[in-house]
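These values consider heavy atoms only, across backbone and side chains, with no hydrogens, waters or symmetry-generated copies. Every chain is numbered from 1 and lettered A, B, ... according to where its sequence line falls, protein lines coming before strand lines.
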Number of protein chains: 2
Amino acid sequence: MLAEISGRKEKVLKAIIQEHILTAEPVGSRTLARKYDFDFSPATIRNEMADLEEMGLLEQPHTSAGRIPSDKGYRFYVDRLMEGKLEKPVSLKKYLKELSRQKSGLEDIMSEMARLLSGMVKYTAIVSEPGFAESKISRLELLPISKRKLLLIVITSNGLVNNKVINLESKLTEEELDDLNRILSKRLTGKKIQEITESFLQKLEEELKRRLNYTARIIKRLEEEITGILAKEEMKIYLDGTSYILEQPEFNDLKSLKKILKVLDRKEELRRLVADLEDELEVKIGTENKLQEMQNCSLVVATYKLQGGGTGRVGVIGPTRMEYPRVISSVDLTAELISKIISRSGR
Amino acid sequence: MLAEISGRKEKVLKAIIQEHILTAEPVGSRTLARKYDFDFSPATIRNEMADLEEMGLLEQPHTSAGRIPSDKGYRFYVDRLMEGKLEKPVSLKKYLKELSRQKSGLEDIMSEMARLLSGMVKYTAIVSEPGFAESKISRLELLPISKRKLLLIVITSNGLVNNKVINLESKLTEEELDDLNRILSKRLTGKKIQEITESFLQKLEEELKRRLNYTARIIKRLEEEITGILAKEEMKIYLDGTSYILEQPEFNDLKSLKKILKVLDRKEELRRLVADLEDELEVKIGTENKLQEMQNCSLVVATYKLQGGGTGRVGVIGPTRMEYPRVISSVDLTAELISKIISRSGR
DNA sequence: TGTTAGCACTCCTCCTTATTGAGTGCTAAA
DNA sequence: TTTAGCACTCAATAAGGAGGAGTGCTAACA
């Protein structure tokens with residue numbers, strides 16, 4: 001996308017970006033020369049800066065200010081310049097063990113991971129629940145609770161337990177329930193979620209009607225609930241560390257602070273935002289974001305995959321002036337962690 | 001606490017508070033006289049204002065500004081002056097029906113209620129999960145998932161379903177599990193949560209050891225999990241409508257906005273805040289709040305009670321300049337709604 | 001004696017006008 | 001090609017009024 005740039009320009013650009021990430025202020029040639037001992041003078045730096053600006057990698061807030069990196073500049077940095085990944089903290093293994101002992105519900109794991117990630121990077125973290133697309137039903141159980149209530153339990157091949165209380169309009173005898181349980185379990189166990197199509201359900205419905213003599217109402221209802229559990233289109237998302245935003249100098253004015261906080265309140269849009277990505281790891285810088293209100297933010301999102309099927313997303317939302325190396329490796333690490341934890345608890 | 005005040009003073013105070021709630025600005029004698037057609041002049045109002053200020057019910061930001069109500073003023077208003085409760089919206093019944101069809105998990109209900117309340121009052125809403133203190137175990141089931149994993153399901157008398165995956169260190173045969181299931185179910189069903197004491201568990205443990213020959217390890221583990229589910233000290237809390245805060249003029253400066261937003265991020269403290277109240281319905285105005293950072297906010301909290309035991313809290317957090325009548329009745333209504341919904345889904 | 005009009009006074013808010021200083025771009029010399 | 005020097009730009013900050021809403025006080029009035 002961009003032609004090669006000279007080694008010296010690269011040096012200058014990298015220094016500017018690092019300095020800006022550190023200070024959040026426009027970087028001037030003088031400061032740069034003082035802090036980094038280059039073997040060329042401020043005047044030379046100024047010339048390079050002017051070139052870099054012309055190439056679109058730097059911007060000037062106003063004529064008499066220093067330079068700040070443009071989105072394109074950050075992009076160049078992320079793609080080609082940055083280095084230094086985080087090594088995995090050793091204490092993590094212990095933490096992981098502790099965690100999977102205490103928390104086993106999906107909820108708990110998700111929110112704990114959001115907490116962990118945001119604590120690591122000191123930016124807002126976002127985690128989305130795994131979808132069930134590729135996973136199979138490994139167990140299905142109907143438990144009677146009261147005369148008109150059943151507890152439907154579906155365990156999927158990735159080890160996740162889903163349950164839902166179903167209110168029935170009419171009673172079921174114990175035998176009827178047993179029959180129902182047996183048939184459903186037999187027919188649905190081992191099925192991939194995707195295989196449970198309209199026509200498959202139709203057939204199942206007919207079989208149930210034939211072999212048992214319930215009203216169609218109950219059967220319909222059960223089907224709804226089962227598919228409801230698994231094909232739920234709205235994967236829940238978890239946010240943590242929202243208040244880190246308050247500490248970022250770029251959001252130190254009411255207008256932009258309000259703008260970003262309002263976005264974080266609209267979970268629906270956030271879900272789409274992280275769901276719509278294609279690659280395993282994506283970095284969206286500033287205006288690369290589709291969401292208008294997030295165009296002075298960056299988003300780093302990774303995909304996690306569960307053994308036995310199902311994928312979800314982990315990400316970080318922060319200012320474009322973000323410590324990309326650290327954030328990227330932390331997000332990566334967290335994605336890995338999530339699959340490990342869920343897989344472990346699901347074995 | 002406060003002596004009676006004259007009818008005219010009452011009129012003036014009430015008008016000032018209502019006007020201030022509306023505009024968020026200090027209220028002057030002139031404006032007041034214009035808007036409310038009293039049968040006395042601005043000069044008289046000024047005299048009354050001076051008196052009210054001396055009584056501590058009003059404050060003056062600076063000498064040449066109008067008056068604003070003090071916390072004490074609001075307290076007087078809430079205790080004696082305000083009127084006009086909200087009548088229940090008729091559409092609510094339909095909504096309630098729709099809701100309990102779609103959502104049955106505690107999670108869903110809680111977050112939906114927070115959403116509903118914050119939408120009604122246009123302030124931040126807070127809901128805490130019910131505790132199990134007074135409820136009984138009405139059903140207990142251990143479901144095998146895999147060789148080393150069990151699903152523990154506990155249904156309490158208030159109709160709530162709790163489940164947790166338990167990872168075992170060693171395998172259990174089917175018969176062993178059946179035995180375990182039977183004994184646990186027999187011993188624990190019908191027990192109040194409070195009755196499951198240390199000594200009770202000790203006895204249970206001995207019985208299990210006598211009648212089955214597992215390692216003490218497994219038994220210990222199961223007990224931990226069961227008590228863990230029910231006696232969890234940290235009831236989850238749900239927030240919604242955080243961004244309404246952004247629209248309040250009193251938080252239109254960075255400092256106070258940050259202060260309040262940071263508090264809302266500390267779930268732990270919020271939980272304690274709503275848990276520590278004594279009455280069924282409490283209104284904490286400004287400095288009446290224990291939390292230092294919330295002393296220019298008001299908190300309206302109601303208690304909801306579940307059939308079959310268990311109580312939790314619903315509340316609203318907003319500026320002290322809050323529409324108390326509307327908020328109080330909305331909070332009340334929501335508390336009622338929560339018990340109804342859970343009781344309904346739990347019958 | 002309580003109420004009201006008049007008026008001087010206070011003090012916040014907003015606008016305008018310097019002042020400062022970091023940083024640039026250009027020119028000319030090395 | 002690099003660098004020193006210098007004029008220039010422009011945001012940020014401070015300082016000084018002007019305006020205006022609102023008060024408290026005084027004195028007149030019913």
Side-chain angles (χ1 to χ4, degrees), chain A residues 5-13 15-17 19-20 22-55 57-70 73 249-250 252-256, chain B residues 5-13 15-17 19-20 22-55 57-70 73 249-250 252-256:
Chain A
I5 63 176
S6 84
R8 195 168 65 190
K9 279 196 176 53
E10 218 172 87
K11 250 188 184 168
V12 171
L13 178 59
I16 290 177
I17 291 183
E19 191 62 20
H20 182 66
L22 221 68
T23 62
E25 297 290 324
V27 184
S29 58
R30 199 184 185 68
T31 342
L32 211 58
R34 220 185 313 115
K35 280 217 185 178
Y36 297 70
D37 47 326
F38 292 133
D39 41 2
F40 37 87
S41 76
T44 312
I45 295 177
R46 280 203 289 281
N47 288 331
E48 298 290 23
M49 279 173 160
D51 292 351
L52 287 166
E53 185 172 359
E54 195 155 354
M55 297 163 83
L57 298 171
L58 292 180
E59 284 171 357
Q60 219 172 0
H62 53 89
T63 20
S64 69
R67 302 303 207 291
I68 57 173
S70 68
E250 30 270 277
N252 242 332
D253 68 302
L254 270 175
K255 218 176 142 194
S256 49
Chain B
I5 63 176
S6 84
R8 196 169 64 189
K9 278 197 177 51
E10 218 171 87
K11 252 187 182 169
V12 171
L13 178 60
I16 289 178
I17 291 184
E19 192 62 20
H20 181 66
L22 220 68
T23 62
E25 297 291 324
V27 183
S29 58
R30 198 184 187 68
T31 343
L32 211 60
R34 221 184 313 115
K35 281 217 184 178
Y36 298 69
D37 49 324
F38 293 134
D39 41 0
F40 38 88
S41 76
T44 312
I45 295 177
R46 281 203 288 282
N47 288 331
E48 297 292 21
M49 279 174 160
D51 290 352
L52 287 166
E53 185 174 357
E54 194 155 355
M55 296 163 85
L57 298 172
L58 292 181
E59 284 171 358
Q60 219 173 359
H62 53 89
T63 19
S64 70
R67 303 303 209 290
I68 58 173
S70 68
E250 30 270 278
N252 241 332
D253 68 302
L254 269 175
K255 217 175 141 196
S256 49

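Protein chain A touches strand DNA chain D; the 5'-most and 3'-most nucleotides with an atom under 4.0 angstrom of its non-hydrogen atoms are D:dT2 to D:dA11.
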* Output, in order, the C-alpha distance, side-chain angles, deciding distance and verdict of side chain to side chain contact (heavy atoms under 4.5 Å, CB included) for A:Lys9 and A:Met55. => CA-CA 11 Å; A:Lys9 279 196 176 53; A:Met55 297 163 83; 4.2 Å; yes

* To do: Check the pair A:Phe40 / A:Asn47 against side chain to side chain contact (heavy atoms under 4.5 Å, CB included), numbers first and verdict last.
  => CA-CA 11 Å; A:Phe40 37 87; A:Asn47 288 331; over 6 Å; no

Every protein N/O within reach of nucleotides 1-5 of chain C N/O, cut-off under 3.5 Å:
residue: C:dT3; atom: OP1; partner: B:Arg8; partner atom: NH1; Å: 2.6
residue: C:dT3; atom: OP2; partner: B:Arg8; partner atom: NH2; Å: 2.9
residue: C:dT4; atom: OP2; partner: B:Ser41; partner atom: N; Å: 3.0
residue: C:dT4; atom: OP2; partner: B:Ser41; partner atom: OG; Å: 3.3
residue: C:dT4; atom: OP2; partner: B:Thr44; partner atom: OG1; Å: 2.1
residue: C:dT4; atom: O5'; partner: B:Ser41; partner atom: OG; Å: 3.3

Tabulate atom names and distances for all N/O pairs under 3.5 angstrom spanning the protein and nucleotides 12-19 of chain C.
none

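Judged by distance alone, with hydrogens and angles left aside, the side-chain atoms of A:Ser70 form no donor-acceptor pair with the main-chain N or O of A:Glu59 at under 3.5 Å. Checked by atom type and distance alone, the side chain of B:Gln60 pairs as donor or acceptor with a backbone atom of B:Ala65 at under 3.5 Å.
Annotation: side chain of A:Ile68 is not in contact with side chain of A:Val27 (no heavy-atom distance under 4.5 Å).
In this structure, A:Ile5 CD1 and A:Leu57 CG are separated by 6.0 Å, a value rounded to the nearest 0.5 Å. Atoms CG and CG, from A:Leu58 and A:Leu52 in turn, are 5.0 Å apart once rounded to the nearest 0.5 Å.
For B:Lys11, the salt bridge (charged side-chain N to carboxylate O under 4.0 Å, His left out) test picks out no residue, with sequence neighbours left out. Scored by the side chain to side chain contact (heavy atoms under 4.5 Å, CB included) test, B:Ser41 finds B:Ala43, B:Thr44 as partners (sequence neighbours excluded). Annotation: side chain to side chain donor-acceptor pair (under 3.5 Å) contacts of B:Glu53 (sequence neighbours excluded): B:Arg67. Under the side chain to side chain contact (heavy atoms under 4.5 Å, CB included) criterion, B:Glu250 pairs with B:Ala24, B:Gln248, B:Pro319, B:Arg321, sequence neighbours left out. Contacts of A:Ser64 classified as side chain to side chain contact (heavy atoms under 4.5 Å, CB included), with partners at least two apart in sequence or in another chain: A:His62. Residues passing the side chain to side chain contact (heavy atoms under 4.5 Å, CB included) test with B:Leu22, sequence neighbours excluded: none.
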Table please: side-chain donor-acceptor pairs of residues 28-37 of chain A below 3.5 Å, with sequence neighbours left out.
residue: A:Ser29; atom: OG; partner: A:Arg46; partner atom: NH1; Å: 3.2
residue: A:Lys35; atom: NZ; partner: A:Glu19; partner atom: OE2; Å: 3.1
residue: A:Tyr36; atom: OH; partner: A:Glu19; partner atom: OE1; Å: 3.3

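Within residues 23-36 of chain A, no residue has any heavy atom closer than 4.0 Å to DNA chain D.
Between A:Leu254 and B:Asn252 the shortest heavy-atom distance is CD1-O, 2.6 Å.
Taking the C1' atoms of five terminal pairs at each end of the helix from C:dT1-D:dA30 to C:dA30-D:dT1, the two resulting helix axes are inclined by 20°, rounded to 10°.
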